[in-house]
Amino acid sequence: MDPRTCVIKKRIEGIKRIIAVAGGKGGIGKSLVSSVMALNLSNMGYRVGLLDLDFSGPSAHLILGTGRSTQPREEKGVIPPTVCGIKFFSLVFYSGKKPSPLRGIDISNIIKEILCITRWGELDVLVIDMPPGMGDAILDPISLMDAEFLVVTTPSLVSVGTVSKFLSFLEESGTPSLGVLENMRIKETSRNFFGADFLGSIKLDLDLEKALGKPEKLMQTKFSSELREIMEKVF
Amino acid sequence: MHEWALAEAVISSALDFSKENRLKEIKEITVALGELQQIDREVFDFALSEIMKSKGLEFRVVLRRKKSLLKCKRCNEEWSFDTGKLNEQEKESIHFIPELVHDYQGCPKCGSPDFKILKGRGVWLDSIRGD
(Lines give C-alpha, C1' and ligand atoms only; values in the text may rest on other atoms or scores of the structure.)
Protein backbone atom coordinates (compact mmCIF):
# COMPACT_ATOMS: atom_id res chain seq x y z
CA MET A 1 0.00 0.00 0.00
CA ASP A 2 1.36 3.42 -0.95
CA PRO A 3 1.17 5.43 2.29
CA ARG A 4 1.77 8.83 0.68
CA THR A 5 -1.63 9.54 -0.84
CA CYS A 6 -3.57 9.46 2.42
CA VAL A 7 -1.43 12.18 4.01
CA ILE A 8 -1.62 14.60 1.05
CA LYS A 9 -5.03 15.99 2.10
CA LYS A 10 -3.55 16.77 5.52
CA ARG A 11 -0.55 18.54 3.96
CA ILE A 12 -2.77 20.87 1.93
CA GLU A 13 -5.57 21.39 4.46
CA GLY A 14 -4.16 24.83 5.41
CA ILE A 15 -4.42 26.08 1.82
CA LYS A 16 -7.60 28.04 1.05
CA ARG A 17 -7.32 28.07 -2.72
CA ILE A 18 -5.24 26.15 -5.27
CA ILE A 19 -4.88 27.67 -8.74
CA ALA A 20 -3.27 25.56 -11.46
CA VAL A 21 -1.97 27.59 -14.40
CA ALA A 22 -2.11 25.37 -17.47
CA GLY A 23 -2.86 25.45 -21.18
CA GLY A 24 -1.77 22.23 -22.82
CA LYS A 25 0.84 23.93 -24.99
CA GLY A 26 4.46 24.79 -24.23
CA GLY A 27 5.93 28.27 -24.62
CA ILE A 28 2.72 30.20 -24.01
CA GLY A 29 3.83 31.87 -20.79
CA LYS A 30 2.41 29.63 -18.07
CA SER A 31 5.49 30.00 -15.88
CA LEU A 32 5.53 33.77 -16.25
CA VAL A 33 1.83 34.04 -15.50
CA SER A 34 2.23 31.75 -12.46
CA SER A 35 5.30 33.49 -11.07
CA VAL A 36 4.13 37.06 -11.64
CA MET A 37 0.68 36.17 -10.30
CA ALA A 38 2.33 34.82 -7.14
CA LEU A 39 4.46 37.99 -6.83
CA ASN A 40 1.38 40.20 -7.23
CA LEU A 41 -0.60 38.18 -4.70
CA SER A 42 2.25 38.43 -2.22
CA ASN A 43 2.39 42.22 -2.74
CA MET A 44 -1.36 42.40 -2.20
CA GLY A 45 -0.88 40.80 1.22
CA TYR A 46 -1.96 37.26 0.43
CA ARG A 47 -0.06 34.34 1.97
CA VAL A 48 1.01 32.66 -1.22
CA GLY A 49 2.85 29.55 -2.37
CA LEU A 50 4.23 28.67 -5.80
CA LEU A 51 4.80 25.07 -6.89
CA ASP A 52 6.62 24.40 -10.15
CA LEU A 53 5.39 21.06 -11.51
CA ASP A 54 7.09 21.42 -14.87
CA PHE A 55 9.82 18.86 -14.21
CA SER A 56 11.19 18.79 -17.77
CA GLY A 57 11.47 22.54 -18.15
CA PRO A 58 11.33 24.15 -14.71
CA SER A 59 11.64 27.92 -15.04
CA ALA A 60 9.88 29.62 -12.12
CA HIS A 61 13.23 29.73 -10.24
CA LEU A 62 14.79 31.60 -13.18
CA ILE A 63 11.90 34.05 -13.32
CA LEU A 64 12.13 34.70 -9.58
CA GLY A 65 15.94 34.77 -9.70
CA THR A 66 16.49 32.35 -6.84
CA GLY A 67 20.14 31.76 -6.00
CA ARG A 68 21.95 28.58 -5.03
CA SER A 69 21.50 29.39 -1.37
CA THR A 70 17.72 29.14 -1.75
CA GLN A 71 16.96 25.67 -0.47
CA PRO A 72 14.10 23.95 1.38
CA ARG A 73 14.57 23.31 5.09
CA GLU A 74 14.03 19.93 6.73
CA GLU A 75 11.65 19.95 9.67
CA LYS A 76 9.32 16.99 10.02
CA GLY A 77 9.18 17.10 6.23
CA VAL A 78 10.27 19.82 3.85
CA ILE A 79 9.59 23.52 4.42
CA PRO A 80 9.68 25.49 1.14
CA PRO A 81 12.03 28.49 1.15
CA THR A 82 10.45 31.95 1.05
CA VAL A 83 11.32 34.00 -2.05
CA CYS A 84 9.93 37.57 -2.24
CA GLY A 85 7.28 36.60 0.30
CA ILE A 86 6.34 33.48 -1.69
CA LYS A 87 6.75 29.95 -0.33
CA PHE A 88 8.37 28.38 -3.35
CA PHE A 89 9.01 24.75 -4.25
CA SER A 90 10.64 23.35 -7.36
CA LEU A 91 12.27 20.03 -8.24
CA VAL A 92 15.23 22.10 -9.33
CA PHE A 93 16.27 22.36 -5.67
CA TYR A 94 17.30 18.70 -5.99
CA SER A 95 17.98 18.25 -9.71
CA GLY A 96 20.00 21.45 -10.23
CA LYS A 97 21.11 21.83 -13.83
CA LYS A 98 20.73 18.10 -14.59
CA PRO A 99 18.03 17.10 -17.08
CA SER A 100 15.27 14.90 -15.66
CA PRO A 101 14.34 12.24 -18.25
CA LEU A 102 11.15 10.89 -16.69
CA ARG A 103 8.36 8.56 -17.77
CA GLY A 104 4.75 8.94 -16.62
CA ILE A 105 5.04 6.64 -13.59
CA ASP A 106 8.11 8.57 -12.40
CA ILE A 107 6.27 11.89 -12.79
CA SER A 108 3.34 10.53 -10.75
CA ASN A 109 5.69 9.33 -8.03
CA ILE A 110 7.50 12.67 -7.83
CA ILE A 111 4.22 14.59 -7.56
CA LYS A 112 3.03 12.30 -4.75
CA GLU A 113 6.38 12.52 -2.97
CA ILE A 114 6.45 16.33 -3.16
CA LEU A 115 2.85 16.64 -1.96
CA CYS A 116 3.49 14.12 0.84
CA ILE A 117 6.63 15.71 2.27
CA THR A 118 6.08 19.45 1.67
CA ARG A 119 4.68 21.42 4.58
CA TRP A 120 3.07 24.55 3.15
CA GLY A 121 1.44 25.63 6.40
CA GLU A 122 -1.34 28.23 6.16
CA LEU A 123 -1.72 29.76 2.68
CA ASP A 124 -4.41 31.87 1.06
CA VAL A 125 -3.39 30.72 -2.41
CA LEU A 126 -1.11 28.06 -3.84
CA VAL A 127 -0.29 28.77 -7.49
CA ILE A 128 0.85 25.73 -9.48
CA ASP A 129 2.88 26.16 -12.63
CA MET A 130 1.70 23.18 -14.70
CA PRO A 131 3.66 21.51 -17.50
CA PRO A 132 2.42 21.32 -21.09
CA GLY A 133 0.28 18.36 -22.15
CA MET A 134 -2.55 16.45 -20.56
CA GLY A 135 -0.55 13.61 -19.04
CA ASP A 136 0.21 12.45 -15.51
CA ALA A 137 1.45 15.82 -14.34
CA ILE A 138 -2.00 17.26 -15.03
CA LEU A 139 -4.08 14.21 -14.07
CA ASP A 140 -2.41 13.64 -10.71
CA PRO A 141 -2.96 17.11 -9.25
CA ILE A 142 -6.60 16.88 -10.40
CA SER A 143 -7.09 13.62 -8.54
CA LEU A 144 -5.04 14.57 -5.48
CA MET A 145 -6.07 18.20 -4.93
CA ASP A 146 -9.07 20.43 -5.50
CA ALA A 147 -7.46 22.81 -7.94
CA GLU A 148 -9.11 25.47 -10.09
CA PHE A 149 -7.54 25.83 -13.53
CA LEU A 150 -6.54 29.11 -15.11
CA VAL A 151 -6.01 28.38 -18.80
CA VAL A 152 -3.37 30.32 -20.74
CA THR A 153 -3.24 30.63 -24.50
CA THR A 154 -1.61 32.84 -27.12
CA PRO A 155 -3.46 34.29 -30.12
CA SER A 156 -1.80 31.70 -32.38
CA LEU A 157 -4.10 29.17 -33.99
CA VAL A 158 -1.85 26.34 -32.88
CA SER A 159 -2.24 27.39 -29.26
CA VAL A 160 -5.98 28.04 -29.48
CA GLY A 161 -6.49 24.58 -31.01
CA THR A 162 -4.80 22.90 -28.05
CA VAL A 163 -6.61 25.11 -25.56
CA SER A 164 -9.97 24.08 -26.99
CA LYS A 165 -9.05 20.45 -26.32
CA PHE A 166 -7.78 21.34 -22.86
CA LEU A 167 -11.01 23.15 -21.99
CA SER A 168 -13.06 20.18 -23.20
CA PHE A 169 -10.95 17.91 -21.03
CA LEU A 170 -11.53 20.11 -17.95
CA GLU A 171 -15.26 20.18 -18.61
CA GLU A 172 -15.52 16.43 -19.20
CA SER A 173 -13.52 15.67 -16.05
CA GLY A 174 -15.63 18.08 -13.99
CA THR A 175 -12.57 20.17 -13.12
CA PRO A 176 -13.29 23.83 -12.31
CA SER A 177 -11.96 26.36 -14.81
CA LEU A 178 -11.54 30.02 -13.91
CA GLY A 179 -11.38 30.99 -17.57
CA VAL A 180 -8.95 31.75 -20.36
CA LEU A 181 -6.16 34.31 -20.33
CA GLU A 182 -4.75 35.33 -23.70
CA ASN A 183 -1.02 36.05 -23.49
CA MET A 184 1.30 37.74 -26.04
CA ARG A 185 -1.50 39.56 -27.84
CA ILE A 186 -0.24 41.51 -30.87
CA LYS A 187 -3.45 42.95 -32.26
CA GLU A 188 -7.14 43.04 -31.37
CA THR A 189 -8.88 39.91 -32.58
CA SER A 190 -12.08 38.22 -31.61
CA ARG A 191 -11.68 34.75 -30.24
CA ASN A 192 -14.26 32.27 -29.19
CA PHE A 193 -13.07 30.25 -26.22
CA PHE A 194 -15.62 27.51 -26.55
CA GLY A 195 -17.93 28.66 -23.82
CA ALA A 196 -15.19 29.28 -21.23
CA ASP A 197 -14.99 32.65 -19.51
CA PHE A 198 -12.57 34.99 -21.25
CA LEU A 199 -10.59 36.75 -18.53
CA GLY A 200 -8.63 39.17 -20.71
CA SER A 201 -5.49 39.71 -22.76
CA ILE A 202 -1.90 40.61 -22.00
CA LYS A 203 -0.08 42.39 -24.81
CA LEU A 204 3.24 41.03 -26.07
CA ASP A 205 5.77 42.82 -23.86
CA LEU A 206 9.19 42.99 -25.51
CA ASP A 207 10.76 44.47 -22.37
CA LEU A 208 9.80 41.49 -20.27
CA GLU A 209 12.94 39.46 -21.02
CA LYS A 210 15.16 42.11 -19.38
CA ALA A 211 13.19 41.82 -16.15
CA LEU A 212 13.48 38.03 -15.81
CA GLY A 213 15.22 37.03 -12.61
CA LYS A 214 14.57 40.47 -11.09
CA PRO A 215 11.25 40.34 -9.23
CA GLU A 216 11.16 44.09 -8.49
CA LYS A 217 11.59 44.93 -12.19
CA LEU A 218 9.07 42.25 -13.16
CA MET A 219 6.47 43.96 -11.00
CA GLN A 220 6.99 47.20 -12.95
CA THR A 221 6.40 45.64 -16.39
CA LYS A 222 3.26 46.13 -18.47
CA PHE A 223 2.88 42.35 -18.33
CA SER A 224 2.52 42.55 -14.56
CA SER A 225 0.07 45.47 -14.55
CA GLU A 226 -2.13 43.84 -17.22
CA LEU A 227 -2.04 40.55 -15.34
CA ARG A 228 -3.08 42.39 -12.16
CA GLU A 229 -6.20 43.70 -13.93
CA ILE A 230 -7.09 40.17 -15.01
CA MET A 231 -6.45 38.85 -11.51
CA GLU A 232 -9.10 41.20 -10.13
CA LYS A 233 -11.68 39.03 -11.91
CA VAL A 234 -10.38 35.95 -10.14
CA PHE A 235 -9.58 37.23 -6.63
CA MET B 1 13.84 14.92 9.41
CA HIS B 2 12.14 14.30 6.11
CA GLU B 3 11.65 10.74 7.44
CA TRP B 4 9.07 12.18 9.85
CA ALA B 5 6.70 13.11 6.99
CA LEU B 6 6.90 9.58 5.59
CA ALA B 7 6.42 8.01 9.02
CA GLU B 8 3.29 10.16 9.44
CA ALA B 9 2.05 8.90 6.08
CA VAL B 10 2.57 5.28 7.17
CA ILE B 11 0.63 5.72 10.42
CA SER B 12 -2.21 7.64 8.71
CA SER B 13 -2.41 4.97 6.05
CA ALA B 14 -2.54 2.13 8.62
CA LEU B 15 -5.27 3.94 10.58
CA ASP B 16 -7.30 4.57 7.41
CA PHE B 17 -7.00 0.89 6.47
CA SER B 18 -8.02 -0.17 9.96
CA LYS B 19 -11.09 2.11 9.82
CA GLU B 20 -12.13 1.02 6.31
CA ASN B 21 -11.81 -2.66 7.26
CA ARG B 22 -13.40 -2.21 10.70
CA LEU B 23 -10.44 -3.58 12.63
CA LYS B 24 -10.84 -3.29 16.40
CA GLU B 25 -7.14 -3.29 16.89
CA ILE B 26 -3.96 -3.14 14.80
CA LYS B 27 -1.45 -5.68 16.06
CA GLU B 28 1.40 -5.33 13.61
CA ILE B 29 2.40 -3.45 10.49
CA THR B 30 5.24 -4.30 8.13
CA VAL B 31 6.92 -1.43 6.31
CA ALA B 32 9.29 -1.91 3.40
CA LEU B 33 12.09 0.63 3.11
CA GLY B 34 13.20 0.73 -0.51
CA GLU B 35 16.96 0.92 -0.94
CA LEU B 36 16.74 3.81 -3.40
CA GLN B 37 15.31 6.25 -0.86
CA GLN B 38 18.12 5.58 1.63
CA ILE B 39 15.86 6.09 4.63
CA ASP B 40 17.73 6.48 7.92
CA ARG B 41 16.23 3.51 9.76
CA GLU B 42 16.98 4.90 13.21
CA VAL B 43 15.41 8.29 12.45
CA PHE B 44 12.40 6.64 10.80
CA ASP B 45 11.93 4.26 13.74
CA PHE B 46 12.16 7.18 16.19
CA ALA B 47 9.60 9.20 14.18
CA LEU B 48 7.21 6.23 14.09
CA SER B 49 7.39 5.70 17.86
CA GLU B 50 6.94 9.42 18.61
CA ILE B 51 3.92 9.69 16.30
CA MET B 52 2.40 6.50 17.74
CA LYS B 53 2.98 7.77 21.29
CA SER B 54 1.29 11.10 20.47
CA LYS B 55 -1.75 9.23 19.14
CA GLY B 56 -1.84 6.67 21.97
CA LEU B 57 -1.18 3.81 19.54
CA GLU B 58 0.52 0.57 20.45
CA PHE B 59 1.36 -2.05 17.87
CA ARG B 60 4.44 -3.79 16.56
CA VAL B 61 6.23 -2.20 13.61
CA VAL B 62 8.43 -4.41 11.47
CA LEU B 63 10.82 -2.53 9.17
CA ARG B 64 12.30 -4.41 6.23
CA ARG B 65 14.97 -3.16 3.86
CA LYS B 66 14.05 -3.84 0.25
CA LYS B 67 16.79 -4.28 -2.32
CA SER B 68 16.30 -2.14 -5.41
CA LEU B 69 15.95 -3.49 -8.92
CA LEU B 70 16.28 -1.23 -11.95
CA LYS B 71 15.75 -2.31 -15.57
CA CYS B 72 16.99 -0.52 -18.66
CA LYS B 73 14.24 0.26 -21.17
CA ARG B 74 16.77 0.29 -23.97
CA CYS B 75 18.92 -2.84 -23.46
CA ASN B 76 16.97 -4.73 -20.72
CA GLU B 77 19.96 -4.82 -18.34
CA GLU B 78 18.93 -5.25 -14.69
CA TRP B 79 20.91 -3.90 -11.74
CA SER B 80 20.62 -2.59 -8.19
CA PHE B 81 21.16 0.99 -7.07
CA ASP B 82 24.67 1.71 -5.89
CA THR B 83 25.62 4.94 -4.12
CA GLY B 84 29.31 4.28 -4.84
CA LYS B 85 30.03 6.99 -7.39
CA LEU B 86 27.53 9.54 -6.10
CA ASN B 87 28.56 12.58 -4.08
CA GLU B 88 26.71 13.58 -0.90
CA GLN B 89 24.48 16.13 -2.64
CA GLU B 90 23.44 13.59 -5.30
CA LYS B 91 22.69 10.94 -2.67
CA GLU B 92 20.67 13.50 -0.72
CA SER B 93 18.67 14.45 -3.85
CA ILE B 94 17.75 10.79 -4.49
CA HIS B 95 16.92 10.41 -0.79
CA PHE B 96 14.29 13.16 -1.13
CA ILE B 97 13.04 12.26 -4.61
CA PRO B 98 14.07 8.69 -5.58
CA GLU B 99 13.18 9.23 -9.26
CA LEU B 100 16.09 11.67 -9.51
CA VAL B 101 18.28 8.58 -9.83
CA HIS B 102 17.56 9.12 -13.54
CA ASP B 103 19.42 12.44 -13.34
CA TYR B 104 22.51 11.06 -11.68
CA GLN B 105 22.91 7.47 -12.90
CA GLY B 106 22.47 5.61 -16.18
CA CYS B 107 22.28 1.97 -17.17
CA PRO B 108 25.64 0.36 -16.25
CA LYS B 109 25.68 -1.46 -19.61
CA CYS B 110 24.54 1.09 -22.21
CA GLY B 111 24.46 4.34 -20.21
CA SER B 112 20.81 5.11 -20.96
CA PRO B 113 18.94 7.22 -18.39
CA ASP B 114 15.72 5.56 -19.58
CA PHE B 115 15.21 2.80 -17.03
CA LYS B 116 12.42 1.50 -14.86
CA ILE B 117 12.45 1.27 -11.08
CA LEU B 118 11.06 -2.25 -10.60
CA LYS B 119 11.66 -2.73 -6.86
CA GLY B 120 12.90 -0.94 -3.78
CA ARG B 121 11.85 2.62 -4.59
CA GLY B 122 10.76 4.04 -1.24
CA VAL B 123 8.54 3.61 1.80
CA TRP B 124 5.76 1.08 1.31
CA LEU B 125 3.20 -0.33 3.76
CA ASP B 126 3.56 -4.06 3.08
CA SER B 127 1.06 -5.53 5.53
CA ILE B 128 -1.28 -4.77 8.42
CA ARG B 129 -2.27 -7.45 10.93
CA GLY B 130 -5.14 -6.91 13.32
CA ASP B 131 -8.45 -8.17 14.71
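The figures here come from the full heavy-atom set of this structure, side chains too, leaving out hydrogens, waters and symmetry mates. Computed from a predicted model, the values in this text were never measured in an experiment. Lettering of chains follows the sequences in order, A, B, ..., and the numbering in each one begins at 1.
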For A/Val7 and B/Ser12 the tightest heavy-atom approach is CG2-OG, 4.1 Å
Turns out that what part of B/Lys116 lies under 4.5 Å from chain A's heavy atoms comes down to neither
- Does CG in A/Asp146 sit with more than 12 non-hydrogen atoms of other residues, nucleotides or ligands closer than 6.0 Å? no
Answer key: most heavy-atom pairs under 4.5 Å with chain A among B/Ser93, B/Gly122, B/Ala14 is B/Ser93
> When you measure from the side chain of A/Arg4 to the backbone N and O of B/Trp124, does any donor-acceptor pair fall under 3.5 Å?
Replying inline: no
Comparing A/Leu102, A/Leu91, A/Ile105, A/Ile114 against chain B, the one with the most heavy-atom pairs below 4.5 Å turns out to be A/Leu91
So B/Ile128 and A/Met1, side chain to side chain contact (heavy atoms under 4.5 Å, CB included) or not? Walk me through it. CA-CA 10 Å; B/Ile128 300 171; A/Met1 186 191 299; 4.2 Å; yes
When rounded to the nearest 0.5 Å, the distance separating OG of A/Ser100 from OH of B/Tyr104 is 7.5 Å
Of the listed A/Arg103, A/Arg11, A/Lys10, the one with the largest count of heavy-atom pairs under 4.5 Å with chain B is A/Arg103
Can you tell me if B/Glu42 has over 12 outside heavy atoms packed within less than 6.0 Å of its CD? no
- Message: Quick check on B/Arg65: does its CZ atom have over 12 non-hydrogen neighbours (other residues, nucleotides or ligands) under 6.0 Å away?
- Response: yes
So OH of A/Tyr94 and CD1 of B/Ile97: to nearest 0.5 Å the spacing works out to 6.5 Å
Turns out that what part of A/Pro99 lies under 4.5 Å from chain B's heavy atoms comes down to backbone
For atom CD of A/Glu209, decide whether the heavy atoms of other residues, nucleotides or ligands shown that lie under 6.0 angstrom number more than 12.
no
If you draw a 6.0 Å radius around NZ in B/Lys55, do more than 12 non-hydrogen atoms from other residues or ligands fall strictly inside?
no
Turns out that what part of B/Gln37 lies under 4.5 Å from chain A's heavy atoms comes down to side chain
Okay, B/Asp114 and chain A: the region with an atom under 4.5 Å from a heavy atom over there is side chain
Practice problem: Please assess B/Arg121 against A/Glu113 for the test salt bridge (charged side-chain N to carboxylate O under 4.0 Å, His left out), listing each intermediate value before the final yes or no. | Solution: CA-CA 11 Å; B/Arg121 180 205 169 271; A/Glu113 198 74 28; 2.8 Å; yes
SG of A/Cys6 to CD of B/Glu20, rounded to nearest 0.5 Å, is 9.0 Å
- Query: Any side-chain heavy-atom pair from B/Glu8 and A/Lys76 closer than 4.5 angstrom?
  - Reply: no
Assess the residue pair A/Asn109 and B/Ile117 against the criterion (side chain to side chain contact (heavy atoms under 4.5 Å, CB included)); give the C-alpha distance rounded to whole Å, side-chain angles, the decisive distance to 0.1 Å, and a yes or no. CA-CA 11 Å; A/Asn109 265 320; B/Ile117 303 165; over 6 Å; no
Tightest non-hydrogen contact, residues A/Cys116 and B/Ala5, listed as O-CB, 4.1 Å
- Do any N or O atoms from the side chain of A/Glu74 and from the backbone of B/His2 form a donor-acceptor pair under 3.5 angstrom? yes
Separation between CD1 (A/Ile117) and CH2 (B/Trp4), nearest 0.5 Å, reads 16.0 Å
Heavy atoms of A/Pro101 and B/Asp103 approach each other most closely as CD-OD1, 3.9 Å
Here the pair of heavy atoms bringing B/Val123 nearest to A/Pro3 is O-CD, 3.5 Å
